[in-house]
Amino acid sequence: MTEISVINFIEVPNGMEKEAEDVRSIYADYFRKQKGFVSTTFYRSVVDEKYQKYVNIVVWDSYESFQAVVNLGFSDQDGKNSDGMKVLGKGFPAPIRVLPSQYEIIAT
């Protein structure tokens, strides 16, 4: 089984940092309870720009475990999975912008 890293780049307008961090905390708590969850790490840029930049990484034990959690989120316009949780970065309010993708380790 190969671990999968879900890496989200998040752009947050200045002044909305607490809201974005609170939403991420809700997701971290939710994902920790899911089968196949391995870890999560949250980064904030130290560069002062128009937007605060974050990187959120969630590691799953396999792509299958990740898919089981997000399941219907791939095809639902609002990104809701089977238990109603918005996934794939869709739970952040506008104008916060989330650019999600999934990665596997190919070298260390």
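No hydrogens, no waters, no symmetry mates; every other heavy atom, side chains included, goes into these values.
Of the listed residues (Val70, Val69, Val38), just one forms a side chain to side chain contact (heavy atoms under 4.5 Å, CB included) with Trp60, and that residue is Val69.
Note that CZ of Arg97 and NZ of Lys53 are 10.0 Å apart. Values are rounded to the nearest 0.5 Å. Between atom CD of residue Glu3 and atom CG of residue Asp61 there is a gap of 7.5 Å, rounded to the nearest 0.5 Å.
Sorted by first and then second residue, the salt bridge (Lys or Arg N to Asp or Glu O under 4.0 Å) pairs with a member in residues 72-83 form an empty list; sequence neighbours excluded. For residues 36-46, every residue pair satisfying the salt bridge (Lys or Arg N to Asp or Glu O under 4.0 Å) rule, not counting sequence neighbours, is listed here: Glu21-Arg44.
The neighbour count for Leu99 CG, taken as heavy atoms of other residues, nucleotides or ligands under 6.0 Å away, is above 12. In this structure, Glu104 places its CD atom where only 12 or fewer heavy-atom neighbours from other residues, nucleotides or ligands lie under 6.0 Å away.
Using modelled atom types, no side-chain atom of Asn71 and backbone atom of Asn81 make a donor-acceptor pair closer than 3.5 Å. Under the 3.5 Å distance criterion, the side-chain polar atoms of Ser62 are left unmatched by any main-chain donor or acceptor of Thr2. Checking side-chain atoms of Glu17 against main-chain N and O of Gly15 turns up a donor-acceptor pair under 3.5 Å. Using modelled atom types, one side-chain atom of Ser45 and one backbone atom of Val47 make a donor-acceptor pair closer than 3.5 Å.
There is a path of hydrophobic side-chain contacts, each under 4.5 Å, that joins Val55 to Tyr103. Using a 4.5 Å cut-off between side-chain heavy atoms of Ile, Leu, Val, Met, Phe, Trp and Tyr, with links allowed through other members, Met85 and Val6 fall into the same hydrophobic cluster. Both Ile26 and Val98 belong to a single network of hydrophobic side chains, linked directly or stepwise wherever heavy atoms of I, L, V, M, F, W or Y lie under 4.5 Å apart. Val23 and Phe37 fall within a single hydrophobic cluster, where Ile, Leu, Val, Met, Phe, Trp and Tyr are joined by side-chain heavy atoms under 4.5 Å apart, directly or via other members. Under a hydrophobic-cluster definition in which Ile, Leu, Val, Met, Phe, Trp and Tyr are linked whenever side-chain heavy atoms come within less than 4.5 Å, directly or via other members, Phe31 and Val59 are assigned to different clusters.
Of all non-hydrogen atoms in Ala20 and Ile96, the two that sit nearest each other are CB-CD1, 3.8 Å. The two residues Asn8 and Pro100 have their closest heavy-atom pair at OD1-CB, 2.7 Å. The nearest pair of heavy atoms linking Lys50 to Asn14 is O-ND2, 3.0 Å. When all heavy atoms are compared, the tightest approach of Met16 to Pro95 is SD-CD, 3.7 Å. Listed here is the closest heavy atom pair of Gly73 and Val87: CA-CG2, 3.8 Å. The two residues Arg24 and Asn56 come nearest to each other via the heavy atoms NE-OD1, 2.9 Å.
Using the six-membered ring where Trp is involved, Phe42 and Tyr54 have ring planes that are parallel, under 30° apart on the 30 and 60° scheme.
Looking only at side-chain heavy atoms (C-beta outward), Val58 and Ser5 stay at 4.5 Å or farther from each other. A 4.5 Å side-chain heavy-atom check between Phe92 and Glu19 finds every atom pair outside the cut-off.
Taking the six-membered ring for Trp and the full ring otherwise, the centers of Tyr63 and Phe66 sit less than 6.0 Å from each other.
The pair Asp29-Lys33 does not count as a salt bridge, with every side-chain nitrogen at least 4.0 angstrom from each carboxylate oxygen.
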